[in-house]
Undergrad: 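What follows is a structure written as structure tokens; I'll ask about it next.
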Amino acid sequence: MNAPGALTLPLATRILDVGVVDGDTARRLADGGWRRYIGLVPADALHTVRTVAGETASKFHPVSDDLDLTAASADLLILRGSLVRVLWSLQHLAAFRWVAVDANMTEGRAAAEIARRRGRLRRIGASTQWGGSFVLYELTNSAPRRTRIHFSPEWGVEGLAARLRDAGIEYAVLRWFEELPHIAPGEDLDILVRDVDVEAFRTLVETEPGTIPIDLYSESGLDGSDFRGAAYYVPSLARQILDRAVVHRSGMRVPAPDDHLHSLAYHALYHKGAESGLPTAMQVPVAGPAEHDYPDAIAEAARVAGRAVPSDMEGLDDHLAAQGWRPPLDAMRRLAGENPWLRARIGANRGADSAPEAAVFLVRDRTLEDIDPEEINAQLEALGFDIVATEVLNTSARERAVCGIRGGNWAAGPYPVSGGDPALVIVAVHYSPEPVEPAWRDRYPHLTNADTLAAKLAVRALVERRVSPSEAYNPMHSADDPHEAWEYLEVIDEQLALRMRDAVAARLARQQAPRDTVRTLSRGRRARVDVVRTDRGLAVRKTFTDAGRRHLARELAALSALAPLATIPPLLARGRDWFEIPYYDDALANRRAALLPLRVVRQMVAALADVHDRGFDLVDAKPDNFVWDSTGGLRLVDLEFAYDGDASPGGFAGGPVFHAPDPNRYPDLPVGDSSYAVRWLPHTGMPPGVLLHGSLVVQHARRVAFRLTRAVVAPDAVPRAAVRRLRGAARSARATVRDALLAAAAARAATASQAARAVAASDERASA
């Protein structure tokens, strides 16, 4: 078909023609080779159009008054007559590639021109090949792959069933199939499809323009067929539904009665929550009335299955748990974000802040191609994780992990490629979980230890250094808290979970407060520090974790070698994983947030210089490592990072006390910022050169300048607080003006739209 002004489109183009009143259109297009065509006709013209269309009558279907083109898909959308109005909502046309606008409709031309100027449409020409004059545009924003697709009304449900059967595609219509092949207006088909058949299913459906919606879900939650980034059902349950599906009288495959009952209850509880209309004892908000009568539907499904089930939500939840249909905890937590009932049902399950906890990391198989497990363990240990076990998953354990963890979704996510399935499990203990920053709390509401996130980021950084950006992937998954950790292990291997419970309990027992503890000073990543009562009076006992043994060895070696120095505490006693030193009453404890007395700072520097002269680099040296005893004076404690025998060749001034330590020189480094600006400057008020070599006069002068600067420009300084208030007021004023301008612009746009429609109506009356 090469009419004047025609544009050449592929013959495989799927065409949806909206507002057509000419029954010859489909036949003319078919004669030209364009056979993938559906016409939506005003209801009062449908009979006439189908009569004229003859053998192509099945191509024409009624168009509703409240036309919603989000419930349709095709390559080319043709808009005729007054139905060009949908161009005012161009964001609803993401399922189309081209749009042809009736050139005789002023409103359509105006809407298209506005969209073109905004960069949403690109004009590519004019055409007269569709029974009128049209301007053809290309949509510039391609739509992402979506769960919702649409099949042809020409096929109908029975035609779709026949095509799926002939293609050998395994699927099941999940619910509301009782009245099929009839589908009520506004309803859709929720269809679960075998992973290996998802692309074939999508390709088959998209061979024709479609207006009947399908929500497509894959068994493991593949991209574009997932539910909020995870599998719609636990993958093992999804496979069970597909394996046992039966053929409905419409020809469509549907769940067996028992699976239908349980999958419907699963959907009502975990997807819909209180919006299902099921009775609940919990006080949770409900957004509105249920779309379907779930209580009656579940009761009827139970009758067909020959089962008696509770009618309330809590009872149904218990029933599904007993039948193996309740999703795992991490999946329920994902769903709880949109489900207040489920959120209340499972509770927060958060442990006490800073309580020692078990942790589980799942290393994905692609990671092991790029990183040795020992490197991963080293990253974890640096953050205070005490590795209990590292186990390679056998085939059956991998399958259980894939199905029962992470919502069954181990796809690429936001990365270019997938990290693969879980291949290695690391079980660890963390004795002093770090608080989660508020900025991360919304994204990880159940995370109880910020070091867990830090560990994943550290391993991710290792991967990023070894692969190109186009090959980046998520290398490791973790449990958010101990509840998930134990559930992960039970999913993977119940016997492994039992062994790990015993091993973790043994580690935690060794980290309990010692007998005769007076109080606990700290509980850190590598050791806990307690004040204990002994025969010699009060002492400080430091008890190390298994992962902290090399730190223990370094500290004992330093205490012994540096014993002649007056600032080094004497070693009172030692055991397999602990030692004791005298307890000192620290007079500096209440002054840590302010500048320390200059004489104290100078003594600290002198003490560290003595340590360096004895052949040690104290990598973690900072004012917090000192205490000031009322009788004994200054004492240097916490020597876990004292490296002996190879003091820094840069001398004391160039060593790691005042400069960030070289990770290639020192195998263990403290977590966090080791810069002078963070560790020393807030307490000394002077740069390192002045601290080391400046005279008393210069040092005092620099500290005065530091105090003045902090008083004026520090984040909490009064002048800066006033500036912040003024800026906030200015932003508020700008927002008010902007809102007023936007409201005025919206009013002008509405007036323009009304005027365009009035002109269009006048044009139509004139042409009539």
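All of these numbers come straight from a predicted model, not from anything done at the bench. Basis for what follows: all heavy atoms, side chains included, without hydrogens, waters or symmetry-related copies.
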Undergrad: Atom CG in Asp370, atom CG in Leu462: separation rounded to 0.5 Å?
TA: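 Result: 10.5 Å between the selected atoms.
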Undergrad: Surrounding CZ of Arg466 (heavy atoms of other residues, nucleotides or ligands, distance under 6.0 Å), is the total greater than 12?
TA: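 Count over threshold, so yes.
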Undergrad: Determine whether the aromatic ring centres of residues Phe544 and Trp578 are separated by less than 6.0 angstrom.
TA: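 When the ring centroids of Trp578 and Phe544 are compared, they turn out to be at least 6.0 Å apart.
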Undergrad: Are more than 12 heavy atoms from other residues, nucleotides or ligands located less than 6.0 Å from atom CZ of Arg576?
TA: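 Yes - once you tally the heavy atoms of other residues, nucleotides and ligands closer than 6.0 Å, there are more than 12.
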Undergrad: Supply the atom-to-atom distance Glu381 CD to Thr545 OG1, rounded to the nearest 0.5 angstrom.
TA: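 That separation rounds to 8.5 Å.
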Undergrad: Would you say Arg228 has more than 12 foreign heavy atoms packed within less than 6.0 Å of its CZ?
TA: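 Yes, the 6.0 Å shell around CZ holds more than 12 heavy atoms from other groups.
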Undergrad: Testing Arg525, Arg526, Arg554, Arg550 one by one against Glu640 for a salt bridge (charged side-chain N to carboxylate O under 4.0 Å, His left out), which residue passes?
TA: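 That would be Arg526.
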Undergrad: With rounding to the nearest 0.5 Å, note down the distance linking CZ in Arg441 to NE2 in His446.
TA: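 Between atom CZ of Arg441 and atom NE2 of His446 there are 10.0 Å.
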Undergrad: Roughly how far, to the nearest 0.5 Å, is the CD atom of Glu391 from the CG atom of Leu496?
TA: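 The distance works out to 5.0 Å.
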Undergrad: Please report the closest heavy-atom contact between Asp386 and Ala547, naming both atoms and the distance.
TA: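 Minimum heavy-atom contact is OD1-N, 3.2 Å.
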Undergrad: First locate atom CZ of Arg523, then atom OG1 of Thr543, and finally report the distance between them rounded to the nearest 0.5 Å.
TA: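 Atom-to-atom, Arg523:CZ and Thr543:OG1 are 12.5 Å apart.
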Undergrad: Taking the six-membered ring for Trp and the full ring for Phe, Tyr or His, determine whether the centres of Tyr473 and Tyr415 are under 6.0 Å apart.
TA: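 No: the rings miss the under 6.0 Å criterion.
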Undergrad: Would you say the side-chain atoms of Thr631 and Tyr584 include a donor-acceptor pair closer than 3.5 Å?
TA: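 Short answer, no.
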Undergrad: Is the Phe658 ring parallel, tilted or perpendicular to the Phe652 ring (thresholds 30°, 60°)?
TA: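 Aromatic pair Phe658/Phe652 classed perpendicular.
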Undergrad: Can you see whether Gln512 engages Arg528 through a side-chain donor-acceptor pair at a distance of less than 3.5 angstrom?
TA: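 Checked: Gln512/Arg528 side chains show no N/O donor-acceptor pair below 3.5 Å.
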Undergrad: Report yes or no: do Thr520 and Asp530 form a side-chain donor-acceptor pair below 3.5 Å?
TA: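 Yes, Asp530 and Thr520 have a side-chain donor paired with an acceptor closer than 3.5 Å.
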Undergrad: How long is the span from the CG atom in Leu634 to the CZ atom in Arg599, to the nearest 0.5 Å?
TA: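 One gets 10.0 Å once the value is rounded to the nearest 0.5 Å.
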Undergrad: Using the rule given for side chain to side chain contact (heavy atoms under 4.5 Å, CB included), can you reason through Asp577 versus Arg549, listing the C-alpha separation, both sets of side-chain angles and the distance that settles it, and then say yes or no?
TA: CA-CA 7 Å; Asp577 56 0; Arg549 293 299 177 83; 3.8 Å; yes
Undergrad: Which pairs count as ring pair (Phe, Tyr, Trp, His ring centres under 6.0 Å) when at least one residue sits in residues 376-414, sequence neighbours excluded?
TA: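 Non-adjacent pairs meeting ring pair (Phe, Tyr, Trp, His ring centres under 6.0 Å): Phe361-Phe385, Phe385-His430, Trp410-His477.
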Undergrad: Quick check on side chain to side chain contact (heavy atoms under 4.5 Å, CB included): which of Ile371, Leu362, Leu457, Ile376 does Met476 satisfy it with?
TA: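 Of the listed residues Ile371, Leu362, Leu457, Ile376, the side chain to side chain contact (heavy atoms under 4.5 Å, CB included) partner of Met476 is Ile376.
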